[in-house]
Number of protein chains: 2
Amino acid sequence: MLSYTEENYLKALLKLSFQNEEKPEAGTNEMAAYLGVKPATATDMLKKLKEKDLVTYKKYGKILLTDTGKKNGIAILRKHRLWETFLYEKLDFSWDEVHEVAEQLEHIQSAKLVDKLEEFLDFPEFDPHGDPIPKANGEMPVIAKTLLAELKAGDTCSVAAVKDTSTLFLQYLEKLQITIGTKIKIIEVIDFDGSLYVGIAGGEPRSVSMKFAESLFVQKLL
Amino acid sequence: MLSYTEENYLKALLKLSFQNEEKPEAGTNEMAAYLGVKPATATDMLKKLKEKDLVTYKKYGKILLTDTGKKNGIAILRKHRLWETFLYEKLDFSWDEVHEVAEQLEHIQSAKLVDKLEEFLDFPEFDPHGDPIPKANGEMPVIAKTLLAELKAGDTCSVAAVKDTSTLFLQYLEKLQITIGTKIKIIEVIDFDGSLYVGIAGGEPRSVSMKFAESLFVQKLL
DNA sequence: TATAAAAGTTAGATTAATCTAACAAATATT
DNA sequence: AATATTTGTTAGATTAATCTAACTTTTATA
């Protein structure tokens, strides 16, 4: 049985492994920063996780999840995203409110609960932020991720997921009435600062910053 | 902010206060036994709870919840019973499965979650075991509790709640197809051993033990 | 390549919750 | 009332997760 804290470390390592496609390994400081603890604390926990065969790592080396570690991490991610979906769809939580509560709910231990919840939600494939929800067997659709910033003038796309899940960004999206599935047309790319002039769901054209365009995953439409 | 453990102590004290109507105060050993810890541990925690003004107690004296302590305890009970209702009604958990998971869910911190959950469940008044669910303001219907064992031959009643919530008893009830609201008619009281000869929902008459009759709360019907 | 900077580790301390063993107080019994 | 039993407390230790401060290793840079 994993402790609440151990689970958080595994989830963090999994998330970090997603962040840098090429290299799924993480560093102690990186991990500590992600979890909001000091590096010394992370080192200690790493030893424990290694003892339990959840990570491979040696002193001053990189950290990598073992198969078991990854399996556990994915199970937690699955719970997190199912709960987010529940909060958003059934309890009318807003986009930016779901995360904090799901952080707690993801640690509830009950295999039956997770599976029943999934069934109750009618086997959703994506959470409210557009991220894929792992299946009970650990499978997880890998989606080609295109940033809005990668598109060119004339392209049209549909919002697929948010890269930045900060409250500030999510609330800004809500204000712009952008949600998963919203259509965006790139009218012009401003080379000077990388900002885009876009049409959102056929509305009045407006400008969005490069930072904005790099925080949104989209699916290019024909 | 209360810790997970502190919350459990408050809930235990509240439950114990319900158990003995007349005297709502509890003893150290009683409380330790209820929580499955050693008396020494309970004493330590008591000091902490006193420090936080959640209980009144002095050395070798009885333990009593303060108003704040009671308010907190009721809030936890409210969450517990709402979650039990959710599991039972929405996720098809059985009577005897809900408790264990609700024990975990009751510690999730989010006022919004509780209130939204209550709304989602359409403001239920009783949980699956027939116990009243406290309202957001702490109000809780106090129901006159009659034991099945108190009735006489010829009486008819409707099952109101279970006193014993052990898995064994709940599964036995399920086997007998007894649930909240089931009608029971007392055909005969066997003075020899206190057992009852009863008709359950108009079915074949059968005998139930005194222990059984003392584990079920009912509402007498005219 | 030598050194400075960054990254990571160790040692020692702290806090919360728990335990055991020994002791003290209150209650019950003869 | 004296004593035995039950009930409750204290002291000291343990474990998990965290910290700070000092130290070590690796990596980057002049």
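Each chain gets a letter, A, B and so on, in the order its sequence line appears, and its residues count up from 1.
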TODO: Would you mind reading off the distance between A/M45 atom CE and D/dT15 atom C1', rounded to a whole angstrom?
DONE: 12 Å
Open item on the list: Just the rounded figure in Å: distance from P of D/dT26 to NZ of A/K58.
Closed with: 10 Å
N/O to N/O distances under 3.5 Å, protein versus nucleotides 22-28 of chain C:
none

TODO: Would you check if B/F217 and B/I143 make a side-chain contact, meaning some heavy-atom pair closer than 4.5 Å?
DONE: no
Task: Under 4.0 angstrom between A/K38 side-chain N/O and C/dG8 OP1 or OP2 - done: no
- [ ] Please state how far atom CG in B/L46 lies from atom P in D/dT10, giving the value in whole angstrom units.
- [x] 11 Å
Open item on the list: With a cut-off of less than 4.0 Å, is there a side-chain N or O of B/T41 near OP1 or OP2 of C/dT18?
Closed with: no
Can you give each donor-acceptor pair under 3.5 Å made by side-chain atoms of residues 113-123 of chain A, sequence neighbours left out, with the distance rounded to 0.1 Å?
from	atom 1	to	atom 2	distance (Å)
A/D115	OD1	A/R78	NH2	2.9
A/E118	OE1	A/R78	NH1	3.4
A/E118	OE1	A/R78	NH2	2.9
A/E118	OE2	A/R78	NH1	3.1

Task: Separation of atom CG in B/D44 from atom C1' in D/dA13, rounded to whole Å - done: 13 Å
Task: Beyond-backbone contact of B/Y9 with B/L2, side-chain heavy atoms, under 4.5 angstrom - done: no
Task: Separation of C/dT9 P from A/K50 NZ (nearest whole Å) - done: 10 Å
Task: ring pair (Phe, Tyr, Trp, His ring centres under 6.0 Å) against B/F126, all qualifying residues, sequence neighbours excluded - done: none
Open item on the list: Any side-chain N or O of A/K62 below 4.0 angstrom from OP1/OP2 of C/dA7?
Closed with: no
Task: Interatomic distance where CG belongs to A/L35 and P belongs to C/dG8 [whole Å] - done: 14 Å
Open item on the list: Let's see if you get this right: which residues in residues 1-10 of chain B place a heavy atom under 4.0 Å from DNA chain D?
Closed with: none
Task: Which residues share a side chain to side chain donor-acceptor pair (under 3.5 Å) with B/S195, sequence neighbours left out - done: B/D193
Open item on the list: Can you measure B/L49 atom CG to D/dT9 atom P for me and round it to whole angstrom units?
Closed with: 13 Å
Open item on the list: Between B/E7 and B/Q109, do the side chains contain a donor N or O and an acceptor N or O under 3.5 Å apart?
Closed with: yes
TODO: Would you indicate, yes or no, if D/dT9 has its OP1 or OP2 atom less than 4.0 angstrom from a side-chain nitrogen or oxygen of B/T28?
DONE: yes
Open item on the list: Salt bridge check, A/E30 against A/K62: does any charged N sit closer than 4.0 Å to a carboxylate O?
Closed with: no
TODO: Between D/dT7, C/dC19, C/dT9, spot the one nearest the side chain of B/N29, thanks.
DONE: D/dT7
- [ ] Indicate yes or no: at least one non-hydrogen side-chain atom of A/L176 is less than 4.5 angstrom from one of A/F212.
- [x] yes
Open item on the list: Filter on salt bridge (charged side-chain N to carboxylate O under 4.0 Å, His left out), then keep only pairs touching residues 50-59 of chain A, sequence neighbours left out; what's left?
Closed with: A/E6-A/K52
